Structures are given as C-alpha cells and as structure tokens.
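Please read all numbers here as calculations on a predicted model, not as lab measurements. Throughout, protein chains are lettered first and strands after them, A, B, ... in sequence-line order, and every chain is numbered starting at 1.
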Number of protein chains: 2
Amino acid sequence: MKVTINDVAKLAGVSMKTVSRVINNEPSVRKKTHDLVMAAVKELNYQPNLAARNLAGTSSYAIGLVYDNPNAYYVIDMQNGVLSRCRQEGYELVIHPCSYADDNMKNELKTMIRRSRIAGLVLTPPLSEQQDLIDELDEMNMHYVRILSGRGDNNDNSSCIYVNDFAAAYEITTHLLQLGHKNIAFICGDQGHKSTAERLAGYQQALADHHIEAREGLLYRGEYSFESGVEGAKELLKDGNTLGITAVMGGNDEIAAGALFAARLMNIAIPGELAITGFEDSPFSKQTWPKLTTAHQDNDEISQHAARLLFSKTRGARNQDKDICRIFTPSLVIRGSSDAETA
Amino acid sequence: MKVTINDVAKLAGVSMKTVSRVINNEPSVRKKTHDLVMAAVKELNYQPNLAARNLAGTSSYAIGLVYDNPNAYYVIDMQNGVLSRCRQEGYELVIHPCSYADDNMKNELKTMIRRSRIAGLVLTPPLSEQQDLIDELDEMNMHYVRILSGRGDNNDNSSCIYVNDFAAAYEITTHLLQLGHKNIAFICGDQGHKSTAERLAGYQQALADHHIEAREGLLYRGEYSFESGVEGAKELLKDGNTLGITAVMGGNDEIAAGALFAARLMNIAIPGELAITGFEDSPFSKQTWPKLTTAHQDNDEISQHAARLLFSKTRGARNQDKDICRIFTPSLVIRGSSDAETA
DNA sequence: TTCGTCCTTGACACCGGTATCATTAGGAAA
DNA sequence: TTTCCTAATGATACCGGTGTCAAGGACGAA
C-alpha cells in the first residue's frame, strides 16, 4: 500500500539518495541508473511523500495563493490556472484569502508561511499593491510573484505580471468616441486600487487625445460592486440626465451590470439612449440584457504565467528566462450594451 | 526566527513530549505544567511545523476539498466556509477540483491523497454522489463528509449533510400555485445529478398535492447553465406559447437567468406574462431584472458544518456528536421575477 | 600501466515533530 | 510512615525524505 523511497531503492538496487537524485532531476546521474530507478518507480507506482520532502528539504513543495477579492469568478480563474501548473510540477496549492482591511492580515500571513513552509506566493490585486506587505516578504526572503495593474512601470520587474488596464480603458473609451459619444461618464471602482487609477487614466487620456474635456461631474467614485453601479448610474443620470450623458463606462462588469439595472429602473433604453461598458469579461457579462461590451482579460493565462514565473524563481536562477515578465493587455469585446448591431 | 518545539521545551523546563501533549490537548497533563508550557509557547510565538506533524503523526493536519462544479460562487462559498474552520483548528486546506467525466479522476484523487497525507475530505455534489468514488474511499479507510441533495434518506448518515432540495422545490412550486399559476414549466439541470431529481420530485409532488397533472411537455431537460436556460425557455415558449405556460421554474439561478434572457428576446413581460424562479440564491439572482425569486441555500453554514463534522470524525469517536448530521432546507425568497409587488 | 581528476554513488546525520514504553512523582489507603 | 497504584513525565526510536561529505569508479593523460 505505502511505497517509500526505500522500497524503490531496493528494487532498483541503488541507494536511497540515488533515487532521490533521479526524482529531483539532479545532475550527475548516469543514464543507465536513471532508467533503472525510473523503471522501479513506475513499477511500484511510487509517490514521494510531500510532508517528508517539505521537512527534510530546504525548499518546500507548496506555494500559496493570496487574495482579497470578492469576485468569485476572478478567484476561481486564478486558482485553476495556478493549480494546473502546480500539478504539473508536483506542488500543492495552499489558498489564503485574507482581508486587506484587517490589521491582523500580515501576522496571519506570516503564520501561514511559517507553518506550511511555503516555497513562494502568488499575490493578486489589490493585495499585490500593498507595499508594506511586499517589504515584509522581502525581509523574510520569501519568493513571490505579483499580478498588478500597470504598464510595466514598476522597478522590480522580475516578480511582476502586469495587466494593462490603461490601454484597455483607452480602447473602450475610443470605441465609445467612435460611436459618436461625447459625454461619457465613468463609474470608478474602489479608491486606492491601482486598477481604478489605471482605468481612469486610460479613459482620461483617450478623451484628451480626442480633445474632449474630462469633466469631474462625469465621474462617480464608487467601488467594484453591483450596488455601486446602481448608485452611480442613478446619481449620474438623475433629474432627467441634465449632464447629457450618452455613455457610462463601468469600472468592472459588476458596476456595468448595476448601471444596466439602474437604467432599467429609470426606463432608459440600452444602447439606444445610453451605452454601457464593463471591464474584465466575467461570465455574467454575457448574461445581462443586453450583453456587455467589455475588455476581455485572460485570467487563466495570467495565473498560469504567474505560477510558471514563481517556479522559475524558486528553482534558482538557472532557468530564469529574461522575457518571462509579461504585460497582458485586455482586448475589447463589443457587445450589445454599446452597439445595437452586435446584440 | 524559527522556533521549534525544543526551544519551547527548554524555556518551560519540560520535555519535548510534554510540550507536544499540551499543544495537542492530550489528557494527563497537570494544569501547572500546561500553563507553564502555554506561557512559553506564547512568549516564543511558537507555531508547530505542519510538515513535521504530518510526517511523524498518524493523522495529518490537512483536509481536502473536492469539487467538480462550474459554479464559481458555490465553490468559493464552500472554500471559505471550510477554510474558516480549518484556521480555527490549525489545519491546512488542499483544494482539488476534478473533472467528474474524466476517468483519471479517481487515480488523480488517490495520488493526491497519498502525496499529501490528507486527514479527510469534504465532497461536494455532484462528486459526492459517485458511489464508486465512495467505495474507493471506504476501501482506503479515508475519512470524508459528503454534502448531498436529499432528505436524510441515505443509509450512512454519519458522513452526510443534506440539502433538502425536495422541500425547497415544493415550496417554490406552492408559491407559484398560490399566485394562481396552473401551467408551470420546469427546466431541469444536469441529468444524473441528485439535485435535479430532488428538485423535480418536489415540483411534481406539489403539483400532485394540488391536483394538477404534471405534464411531460412542461419539462425541459437541460443542464445547470445560463445557455441551457435560454434554450429551454425558447423551446417551451415557442410558437406563441401554445402550451399556455405562465410560469417557468429554473433548476438553478443560472437557468432562471437564461430563461429571463430568452423571455426578453421574445418580448415576454416578467412577471406580468410569465413568472420565473431560480434556485440557490446566487449573488447574481439579485442582479437580474427583475430580481429572481429563488430558494436561499446557506452555503457558508453548510460548508462550515461539513468541516466541523469532518474534524469530529478524524479526531475519533470521543466527541462525535449524535445530532451533528443535519439537513439544511433552503428557504423561499420572493422577488420580482414571480411577484411584481416585491420588485 | 599509473596517476590524477572529475563524475557517480553511498553512508549517515538531520529536518521537527509524534508514538511507545519505561520511569518517576503524587496521592490515597493501610 | 510505608505501600501501592495511577497519573504525569521523559528518553528514545522513528516518520520519509534531503544535505553533506567521503568513497568508489571511469576515463584521459603521462
């Protein structure tokens, strides 16, 4: 039932240490020996015991995924992507949701790291933006990879994966401008999140490039939630839409869905009287009426890449590709909420 | 930086084994000794190393969550519930999504269990319904807790938590009947899932109790997806709704949202011309227009309970509460999709 | 052939806890 | 106080691997 490295060693007629070498792809093993051991491994269906490896080895066989994100779809995407690479590499994944607002967060995190002997961490926004957390991790010499909203502007590129929200927002805004919209409102997500700033900046830049003034009155500062989208739209469009708004950009799909809901409440036709756009291309952006124009973000690819990058770091410098730090730019997906033609 | 059990033992002036006893709440420790050790633990901020415990002990300090469910909200709810209890008990959670259709599933699962020395598993539907998987787990003497759709009708109550979909479907159907609906259609979820059968049975029982024939033509057998809801509603309501359907029950919220979408396509007013209901009370059931009448299922409570039950099993019989096996009945939530008053 | 070097391999301690069993201490009964 | 029994504690092996370092072997050069 339980096969240990010793059994394999006996069957192959070599020492335990040699089996260990083969399992871990260490150099300095004769091909003949390697094959011999592998045959024994296969025959016995040997599976190394993770606990023992973790205990004995310098580095462990588990990585952590840290997130503070209420968006279930996002979290699941991240988990699945990271997990699929973990399986390939024989690692375990320890998930660690933790509240950003909570002051005990860092202590909890440190506790987790110490208890489970984590080899590295994948940090997702907005936690990945917390400089004090990063500093702590640096201090304890922990490997990590950050998924960040940005344009590659960070100084520590080796550990960052960027999502270019700026470019995506620029593209969405341009799309609306090309449809003839002039008064485009924007419902922001959480203040303090980098993505909020980046998306807003992209929107403003696009307006500027088209010589349109970005009026403060067209901005609603909310958070990344459906409710916020409802509130924002109500506020922006109140009193019979005195501002003459013809398009509303939501900070993400949930906000956009909320705006859609509010428009419905106010008997405003979408997209006839008002265009609405989202961000992220969550599954439910295809389930609203009409479907949401949004920017597609390939979370699976992003998370897999994050895991790959992390593994290359934990394994040491030998195969640290130079170009492994990538910038992902979400791509515009036009649907019925901005363009009746594509409904 | 790194505090071992040895450090604690020295500081407290006792043996390592005694510290171990205190940490694990074993009997036969004098109160004075206990306090002495705990003081040392606190002072050094000692955290037991999970890998070492797993390796040395007979049972491990990790449990697994196994799921094959495309519903992100459901999975996240389960994870968070189980995780919160894990933290209280000092356990790790290893998540293990696995495809039910895949024949390699069981092998993968066994591999995982052997590698990580899992102490127990929480099984969610539909995987929890796979008898061959259960048999395998029994054979390898693995602890597990199943979350199942049902009414407590299983023979092995000690490891089951039931969600009474039958009662919930009965309640929803009754609600529609009381509103005066006679021709109530039902869009089923995946065939073979217990929940599909239970929900359908509840619907049929309610009709029977009201002396209404359950016509086969009012049934659409789909799967638990938005698309299926769209297709189902289109099919049921085709040709100007010759069947005279005035209400559609969706097998879950996604199906209901799809039906809502289809109704919109066909210019059918909700709830005026057609009532629609869902199941589960996912977050997006509050984000459709109109909001969905549905059955609220307390996933957080369910998953926490599952973890609690699992821990009581892995710890042995001493604190296995008798009444710990529970049946959760989702409760009716009336919203605008069935009743205009509550919009 | 002999020597030296580098490549392979093995022996053994050790990671940080727990299980087992022997030992000691404490308290009740005699 | 002594005796005896039980509860509390300690010593030590062990879980299943990896790190370290020393020994053995292959191979080219002299």
Given that B:Tyr61 and A:Lys17 both sit by DNA chain C, which one's nearest nucleotide is further toward the 5' end? A:Lys17
For a quick check of understanding: with a heavy-atom distance under 4.0 Å over all strands, which category does B:Asn6 fall into, base, sugar-phosphate or nothing? nothing
Using atom CG of A:Asp7 as one end and atom C1' of D:dG17 as the other, report the distance to the nearest whole Å. 13 Å
Atom pair distance, as rounded to whole Å: CD in A:Glu26 and P in C:dC7: 15 Å
Can you find a pair of side-chain heavy atoms, one from B:Leu137 and one from B:Leu123, that are under 4.5 Å apart? yes
Between A:Gly57 and B:Ser15, whichever has its closest DNA chain D nucleotide further toward 5' is B:Ser15
For B:Leu55 and D:dG16, what is the distance between atoms CG and P respectively, to the nearest whole Å? 7 Å
I need the OH-P distance between A:Tyr46 and D:dG16, as an integer number of Å. 10 Å
State, with a plain yes or no, whether a side-chain heavy atom of B:Pro97 is found less than 4.5 Å away from one of A:Asn80. yes
Within the structure, does a side-chain N or O atom of B:Ser28 lie under 4.0 Å from either OP1 or OP2 of D:dT9? no
Rounding to an integer number of Å, can you tell me how far B:Asn49 CG sits from D:dG16 C1'? 14 Å
May I ask you to evaluate whether B:Thr18 reaches the phosphate of D:dG10, defined as a side-chain N or O under 4.0 Å from OP1 or OP2? yes
Examine B:Phe311 together with B:Tyr91 and report whether their ring centres are nearer than 6.0 Å. yes
Using modelled atom types and a 3.5 Å cut-off, is there a donor and acceptor pairing between side-chain atoms of B:Asn71 and backbone atoms of B:Tyr74? yes
What is the distance from CG of A:Leu50 to P of C:dC15, rounded to the nearest Å? 21 Å
How close do B:Ile5 and B:Val19 get, heavy atom to heavy atom, and via which atoms? CG1-CG1, 3.5 Å
Nearest-nucleotide check on DNA chain D, A:Arg30 vs A:Met16; residue mapping nearer the 5' end is A:Met16
Rounding to an integer number of Å, can you tell me how far A:Asn24 CG sits from D:dG19 C1'? 12 Å
Of all the nucleotides listed (C:dC15, D:dT9, D:dG19), which has the minimum atom distance to the side chain of A:Ala56? C:dC15
Is there a side-chain contact between A:Thr33 and the phosphate of C:dT8, meaning an N or O under 4.0 Å from OP1 or OP2? no
Compare side-chain N and O positions of B:Ser20 against OP1 and OP2 of C:dG17 and report whether any pair is under 4.0 Å apart. no
Tell me whether the side-chain N or O atoms of A:Arg21 pair up with the base of C:dG10 as donor and acceptor below 3.5 Å, since no angle test is needed here. yes
Rounded to whole Å, please give me the gap between CD in A:Gln47 and C1' in D:dG17. 14 Å
Can you see if the side chain of B:Arg53 gets near the phosphate of C:dT18 - specifically, an N or O under 4.0 Å from OP1 or OP2? yes
